[in-house]
Structures are given as C-alpha cells and as structure tokens.
Amino acid sequence: MGNFEKKRDSLAVAVRVTAVLVVLFLAAFFIVTVNNMATISSQVEEMKDGPFPTSIAAGHIETDIAQVETLATHITHYRYLPEKTNDLELHFQEVDASIREQLSQIEPDSLRNPAEAHVLQADYDTLYIRLSSVIELLQDEGTSNDVIEEYVDADIMPLANNMLELANKILDETTDKVDSTYTIVNRACIQTIIFACVLMVCVVVMLFLYMLMLRRKNQQEKLLRTHLEDALALAQSANAAKSEFLSNMSHDIRTPMNAIIGLTAIADDSIDDPLRVKQCLTRITTSSKHLLSLINDVLDMNKIESGKAILSEERFFMPDLVEELISIVQPQAAEKHLNTDIIINDIRHEALIGDAMRLRQIILNLISNSIKYTDEGGDVRMIITEDSSASEDVANIQIVVKDTGIGMDPGFIQHVFEPFERERNDYTVFTEGTGLGMAITKNLVELMGGTISVRSELGQGTEFMVCVPLKVAPDATELDLAGFAGLHVLVVDDNYLVMQNAVHALTEFGVEVEGTTAGTDAARLVAEARAAGTPYDLVIVDLKMPDVDGVEAARRIREAVGEDAPLIVMASYGWEEQDGASQPEGVDALIGKPLFRSRLHGTVNRLCIEGKTLDAPVVTTREPVNGRVLLVDDNMINLEIGLELIAKLGPEVEGVDSGHEAVAKISERPDGYYGLVFMDCKMPHMDGFETTKVIRRLLQERNRSHLPIVAMTANAFAEDREHAFAVGMDGFMSKPIDMGELEKTLRTFL
C-alpha cells in the first residue's frame, strides 16, 4: 500500500506544480500581452504621426523633383510653340501643387535633424521662383536658347539635385524608422504567440494529469480496499500468532517455574540428604537458566523491533569467545550424545573489535537450535572461516552451522526468520521455545551489517550460514616466527578440514609440514622420515580417531623412534571428561580444539624453539583470587548471594546496601584498601551511576590511585553497558550472576 500512496502523492504534487506553472504563465502572459499591446500601439501611433507619412511624402517629392529635372533638361523644346508652353506651365503647376502637399506632410519632429525639413521647404520655394523665371524667359523671344539652357544648368539643376539628395536622405531615415517599428511590433507579436502556446500546453498537461490522477485515484481506492482487507486478514493472523505465542510462552515459562518450585520443595523435604539436595539444586540451576533464556529472547525481540538495540564496540579475542561457546553447548550436546565438531578454518585475525556478546548470542542461537532439533547420536558441526576482505582493517567472519537433524519443510523455510514462527510437527510439539530465536538472530546479523541464509531438507538436516564484518583490532600482536623456518612437522587428524587448517597455518609460519588423515600411517611416516635423514621435529596427533586414536598413535611413534621428537595431542571437545582427564603417557603437550593459530604458534614455539613442555590445561590447579572487594546492592537477598559467591572464589568481601554508604566506606578506608567495587545500578536515593561519579571525584580530589568499579546489574541492554562506561565504570556484569564471568572479572582486576 505504501507504493500506491507514493504514486498518488507524486501525481498530486505533479498536478499542483502544473497548476502553479499555469497560474505563473497566465500572469506572465497577461503582463507580456498588455506590455506588447502597449508597445505595438505606441509604435504604430508614433509611426502614423511621423515617420510613415514623412517617408511617403519624401518618396513623392523625389518623384516630382525628378520630373522637374526632366522638364528642365528639355525645356527649350517647348519654345516657339505656345500650346506646348501652356502645357509646360500647367504641368509645373500640377507638380508644384503635389510637392507643396507632400512638403506639408513632412513632420520635422520625426527626423533626427528637423532643420532638414525646413531646408527642403526653402529650397523648393527658391526652385519654384527659378522655374517661374524660366517660363518667362521662354516666352521672351529676345532670349536665346543658350541663355535659357545656361540658366537651367546653373540655377535650376543644382538646386533640384540638392533637393533630390535631401529627399532621398529623409526617405532613407524614415524608412529605417518604419522598418525598426515593424521589427519591434513583429517581435512583440511572436512573443505573445509563444506565451499563448506555452500556456495552452500547460493547460493541456494539467488537464491530462488531472484526468490521470482521477483515474489513478479510482484505481487506488479499489486497491486500498483490497489491501485493507488483506491487512485485516494479516492483523487477525498476527493476533492469532501472538495469542498462540502467549499460550506457548505461558506453557514454556510455567514448565521451568514448576520445576524450580517443585525441586525447591523436594530439597526442603530432603534437607538431611545432601546428595538429593545437590541434585535438586543442579536441576534448579538448569531450569533457572532456561527460564532466563526465554525472558531474554522476548526482551531482545522487543528491543530490536522498537529500534533501540545498540551494538557495542569492544575488543575481544576470538579463541576466548569460541571457548565460552564450547563450555555452554558441550554439556547440551553431551547430554544427547551428539557428535559435535567445531572447526577453525584460516582465521588470520583473532583479535577483533565488535559486539562480542551479540556475536556470541548469534552463534549460540544457531548451535542450540541444531542441538535441539537433532536426535541422539546425530552430528552438529560449526565451521568458522575468515573470508577475504576489500579492506585490511575489516575481517569478514563466516560461520556455518550444519546438523543432521529433522530439517525443515520447504514451505516453512521462507518463514523461519519471522517472529513467533515455529514449524508444527510431531517433533516440535514436544520442544520448548518462543519462536523468536531465529528472528533475533537475523535482526542481530543485519544490525551488524552481515547476512544470513539457510538451506534445509526435511529429514536430512539444516545448514545456516552467517557472514559478519568485524573490525581488526589495531593493537593485535604479531606472531614471532623466529626459528620456525626449517622445522619439519607431521599433522595427523582424521578430519580433513582440521588437518588442512593446521597444515596451512604451520606453512604460513614457515614450517615444512606434511599431513595425513590416517592414524595408522603416523608411526610409519615418522620412521620413514627418520630413515631418510629428514626426521620430524614435531608430531601433532588428534586424540580421537576411528582407526587408531591419539594415545595409541603416540605409543607406536615412541616405539618406532623413541623420545626424539616432541609429540602434541589435539584434544577433542569434552576430552577432559574422558580417560580420567590426564595427559596421555609419552605426550609432551595437549592442545585443545578448535585449533587457533595463536595457540598452535605458542605450543610449537615452547616445545620446539624454547624447549619447554606444556602442562595439560585440565590438570592445572586454579589458585584462589586474592584481594578485597566491596559489593554495593540495595536488595538484601542479592547482597547476601553476591557476598557468598564472591567469597567462594577467594577474595575478602564487604557489602553495603546504598550508594551513600559505599562512598563513606571508600572515604574512610586508606588508598588501595579495596581492589574492586561491584556496583548495582538501580538503587534508591543515589543510583550506581551517580555513586560512581561521586567516587571518581572523591579519588581525584584526594589524589588517590584508580579504583576499578564494575557494574553488577539486572539492566542487561547495550545502552546500559554504554552508560556504565560513560560515567567511569571499568566493567559490566549482568544479573543473574554467572560464576565463570564473575571469576574472570575478579582475576582481571585483582
């Protein structure tokens, strides 16, 4: 309906513009016509009263004077013939009458030199007297012809010639004026005709546009009625979808709530059975996280649809983000006994700038969906690749999530990214969800300037592909490749993509590298290389392979070549839950998948260049966090929970329930007494933002060292995070408290 309205508005504008143009042209036409008519009238009057009659008169005078000259030249022929003499005299009288009449028509004011008219009049008066004298001489028989002819030549002809020249001059001058007047009048007429034609064209165009608009208006009214009917049907459909959504949400929210309430009652009844209580608490935690994810989906969708979602710009490390994702999805996948595979393919820039939380949410939505809709024993694979980019400052990160799940009906694929939409089948009816996950994912991807697509076949699985541009961190550390050139390395992994990624990365490090997907070939290749005099400086073997696993391959290699070459085992996801979580015998180091360049570089560097072995990360004992923390929260239950969770990780912790009390505590204690402050943002009287400002001023006035302040709030949106950093906070944590994030924050600042 928007297109029709735009066309209608455009047509209406065209009609209005044409009408304005017609009015303007009509006004211009009236002004020009009146002006031209006045010009024509004045020119005609001026020509009628002066130049035109003067021009006519000058022409007649020229003709008459020419006749006089002709008669004067042959005047002696009329002598001695009385009847001829009388005719000559009569002819002169007629010419005289004509000349005098024409002289009276000459208007001196129409001439540039009015004196010329008077000169012409005076010359003719003289000529008339001399012509009269000639007539008398003709009639005098005593006067000879020679005397008469001499008189004509000396006194009449020069004067007649002067009059001819003057008459011609007056004729030319007045003729020019007449021509000029004609040109002006003709130009005014043409101008009037042109304006009249343009005005007529505008009127015709306006009438055409008006008729067209009238026709379009009728068509659009019909279309509008059709669209209104469609909109009504759509609104009714949307209302039904939202009603169904609310029904689903009611069911989905009540399910974990029922579990929380029921398990709490069971734990209360089983207070003397610690094992039973622990089981209840574990399930309560799971149900609480599920309930929180449902609420987050609804709130996120509301933010995105209202246009208030804001992306943050922060530096993050891709390996850390992927590690967090694995820690979240691995238990879900393990519970359904799924084969999960996360492959890093040619990630050249690991330090990036962007909204890590939103990127994590996008990937988590995709993987969680794949896990949710894949039956036990199925496969879920994620491949992260860095595509080529036109700018060195931008990394195009491509994420592909593929599963062997139930797939989607072709008719539903076009609706998969719409809010509140869930495919209805025998499988999904028992699957909880809001129907917002994919809509949120698509909106977030587009908000980040990326694209998302999906391919799916019913019963064969689904593949989502996301591509988002992220800025490359300017302070990214370059890998030190000194000593890598000349190293000879063997990579063994049954997954061809993982093997190729490791080979490609090592090749870029300057290493001479070979790869194989058969674990049975590992010992043979190592022995052959040694026999050929080109032994491997390092062997990297996957832990889990179908024919010979990494432990057996390591044992065979050690049997073949002894302890000559360092040996690294690549640990699959969840390896710490297998084989007693111990480093296999004969292995110098364990490196976890997915295989990022920085971790591969660090491991090879420490084993082959620095000569040090790595401890297995799973057996590393985490030291307790040292330091003193101040927790500020007006909610006493939240304060109690926070104090206990923080103390559990090692630091000393104190709590206050108001911003004023927090300022007083910091003011009373010596500089450096507290190493970190966790600040609630929503508090009465003085909220966390204002409290932070007061603390910053206090520390500055007393010249104290910087005190880290981290927001710990239930306000979890991007604008809340930006506001926190804007007032001087150093970090941001959302509630409910996540123990992993809490420990990471404590270790960062303490």
Side-chain angles (χ1 to χ4, degrees), residues 289 292-293 296-297 299-300 303-304 309-330 342 344 347-368 382-387 389 393-401 437 440-452 464 466-477 594 596-599 710-713 715-726 729-749:
K289 288 182 177 179
L292 182 62
S293 70
N296 283 339
D297 277 353
L299 294 177
D300 269 351
K303 275 288 181 182
I304 292 170
I310 302 172
L311 295 177
S312 64
E313 291 283 330
E314 59 185 8
R315 187 182 188 279
F316 68 94
F317 198 48
M318 181 63 79
D320 292 343
L321 184 141
V322 174
E323 186 176 339
E324 291 174 7
L325 287 169
I326 292 173
S327 66
I328 295 172
V329 302
Q330 183 59 38
I342 298 180
I344 301 302
I347 297 293
R348 299 180 296 280
H349 301 97
E350 297 179 3
L352 302 168
I353 294 177
D355 195 326
M357 182 183 72
R358 296 298 192 185
L359 182 61
R360 182 167 53 247
Q361 184 178 1
I362 290 169
I363 301 174
L364 192 58
N365 281 351
L366 296 176
I367 296 181
S368 297
M382 179 176 74
I383 304 174
I384 303 179
T385 308
E386 182 178 343
D387 286 344
S389 173
D393 299 328
V394 175
N396 288 324
I397 303 299
Q398 184 188 87
I399 301 133
V400 177
V401 177
I440 292 171
T441 300
K442 182 175 186 294
N443 284 326
L444 288 177
V445 169
E446 292 178 348
L447 193 63
M448 297 175 76
T451 58
I452 183 171
F464 284 94
V466 171
C467 187
V468 291
L470 296 169
K471 295 178 184 176
V472 177
D475 57 343
T477 304
F596 281 95
R597 294 187 178 201
S598 57
R599 293 177 178 173
V710 175
M712 184 180 282
T713 175
N715 296 346
F717 293 116
E719 55 265 36
D720 302 314
R721 180 186 297 268
E722 290 183 358
H723 190 192
F725 286 115
M729 293 187 181
D730 302 275
F732 189 92
M733 282 185 59
S734 59
K735 296 177 183 176
I737 297 172
D738 180 89
M739 288 300 292
E741 187 178 359
L742 177 62
E743 182 178 0
K744 182 179 178 181
T745 303
L746 289 170
R747 292 190 182 279
T748 299
F749 292 102

Check step by step if side chain to side chain contact (heavy atoms under 4.5 Å, CB included) holds for F316 and L470. CA-CA 11 Å; F316 68 94; L470 296 169; 4.0 Å; yes

Between E350 and F596 (side chain of the first, backbone of the second, donor and acceptor by atom type, cut-off under 3.5 Å), is there such a pair?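 It does not hold such a pair.
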
Hey, is the main chain of A395 close enough, under 3.5 Å, to the side chain of E386 for a donor-acceptor pair?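 Side chain of E386 to backbone of A395: no pair is present.
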
Roughly how far, to the nearest 0.5 Å, is the [atom2] atom of [Y] from the [atom1] atom of [X]?
X: K442; Y: I452; atom1: NZ; atom2: CD1; answer: 8.5 Å
X: N365; Y: R360; atom1: CG; atom2: CZ; answer: 12.0 Å
X: T441; Y: R358; atom1: OG1; atom2: CZ; answer: 11.0 Å
X: R315; Y: K471; atom1: CZ; atom2: NZ; answer: 14.5 Å
X: T745; Y: M733; atom1: OG1; atom2: CE; answer: 5.0 Å
X: E314; Y: R721; atom1: CD; atom2: CZ; answer: 5.5 Å

So, do [X] and [Y] sit near enough that their side-chain heavy atoms are less than 4.5 Å apart?
X: L321; Y: I363; result: yes
X: I362; Y: M448; result: yes
X: M712; Y: L742; result: yes
X: M382; Y: I399; result: yes
X: H723; Y: M729; result: no

Before you tell me yes or no, could you show the steps for I344 and M318 under side chain to side chain contact (heavy atoms under 4.5 Å, CB included), namely the whole-Å CA-CA distance, both residues' side-chain angles and the distance that decides it to 0.1 Å? CA-CA 10 Å; I344 301 302; M318 181 63 79; 5.8 Å; no

Begin from the C-alpha positions of L352 and I397 and carry the test side chain to side chain contact (heavy atoms under 4.5 Å, CB included) through to its verdict. CA-CA 10 Å; L352 302 168; I397 303 299; 4.2 Å; yes

Where do [X] and [Y] come nearest, in terms of heavy atoms and distance?
X: N396; Y: C467; value: CB-SG, 4.3 Å
X: P474; Y: I353; value: CD-CD1, 3.5 Å
X: A724; Y: F732; value: CB-CD1, 3.8 Å
X: P319; Y: S598; value: CG-OG, 4.2 Å
X: T385; Y: I347; value: C-CD1, 3.7 Å

